[in-house]
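First listed ligand is number 1; within each ligand, the first listed atom is number 1.
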Amino acid sequence: MLKIAPSILSADFARLGSEIEEIKKAGADYVHFDVMDGQFVPNISIGIPVLKSVRKSTDMFIDVHLMIDRPVRYAKQFCQAGADLVNFHVEADSEENIMEAIRIAKDLGKKTGVTIKPKTPASAIEPFLPYVDLVLVMTVEPGFGGQSFMADQLPKIEAVKALIDKINPGCELEVDGGIDANTAASVKKAGANVLVAGSAVFGKADRAAAVKSIREA
Ligand code: DX5
Ligand code: ZN
């Protein structure tokens, strides 16, 4: 089933609760929650206290995208703050430590994902794939909303989809970066079933129309 995950990075943080209510009404499936530490990526966004508040304000599924160095250090806290799924970048630590982060989240009853940046090959997900619920493929360099979609990532999305079909067919395939009504069709065709969209949803006055246009692209 196709799912739309608006990224609140492009929301108005001063009215975050109502922004999330609007995307729920608009028929979005996940809240995509981007965490940046100024180390793993050159930007700083939101973290644990904001996640706790968002958790209290909505029953939507919260998909946390950790763009932080050595995420194993904070896996437990993000789970306890209310994440439904936690995404760990494979580039952010050793294989052993990413595996440990996945284990921590699973033991706390959460779903897990592994994420790859544009320059990271599809094969990098293989050690983790049997254990995760989702793979997130970045279609921009992580760090900022509103960047242009990198069409050169489409073959990699197809390669990840082939690995999923072979190793863990129940696993979801999410894409993030530059997704809008124009780029959505190509990622769906490549095999993605969860589409993150920040500026293409929160940058539009009519969120329901924005979600619909991406879903139906
Ligand atoms: C980028 C973030 C994305 C971002 C997407 O580092 O991970 O989730 O908010 O924004 P758009 O859809 O505007 O590219
Ligand atoms: Zn993201």
Original post:
Between Arg15 (side chain) and Ala11 (backbone), is there a donor-acceptor pair under 3.5 Å?
Top reply: no
Original post:
What is the name of the N/O/S atom in His65 that sits closest to the Zn ion (ligand 2)?
Top reply: ND1
Original post:
Is the count of non-hydrogen atoms from other residues, nucleotides or ligands lying under 6.0 Å from Lys212 atom NZ greater than 12?
Top reply: no
Subject >> N/O/S atom name from Asp34 that is nearest to the position of the Zn ion (ligand 2) >> reply: OD1
Original post:
Do any N or O atoms from the side chain of Thr112 and from the backbone of Ala105 form a donor-acceptor pair under 3.5 angstrom?
Top reply: no
Subject >> Short side-chain donor-acceptor distance under 3.5 Å, Lys3 and Tyr30 >> reply: yes
Subject >> Shell of residues surrounding ligand 1, defined by a 4.0 angstrom heavy-atom cut-off that is strict >> reply: Ser7, Leu9, His32, Asp34, Met36, His65, Met67, Met138, Pro142, Gly143, Phe144, Gly145, Gly146, Asp176, Gly177, Gly178, Val196, Ala197, Gly198, Ser199
Original post:
What angle, to the nearest 10°, do the atoms NE2 (His32) and OD2 (Asp176) form about the Zn ion (ligand 2)?
Top reply: 100°
Original post:
Can you name the closest pair of heavy atoms from Met67 and Pro142 and give their distance?
Top reply: SD-CB, 3.6 Å
Original post:
Is the NZ or CZ atom of Lys117 positioned over Phe40's six-membered ring, under 6.0 angstrom from the centre and within 45° of the axis?
Top reply: yes
Original post:
Does Leu173 offer a backbone N or O that forms a donor-acceptor pair with the side chain of Asn193 under 3.5 Å?
Top reply: yes
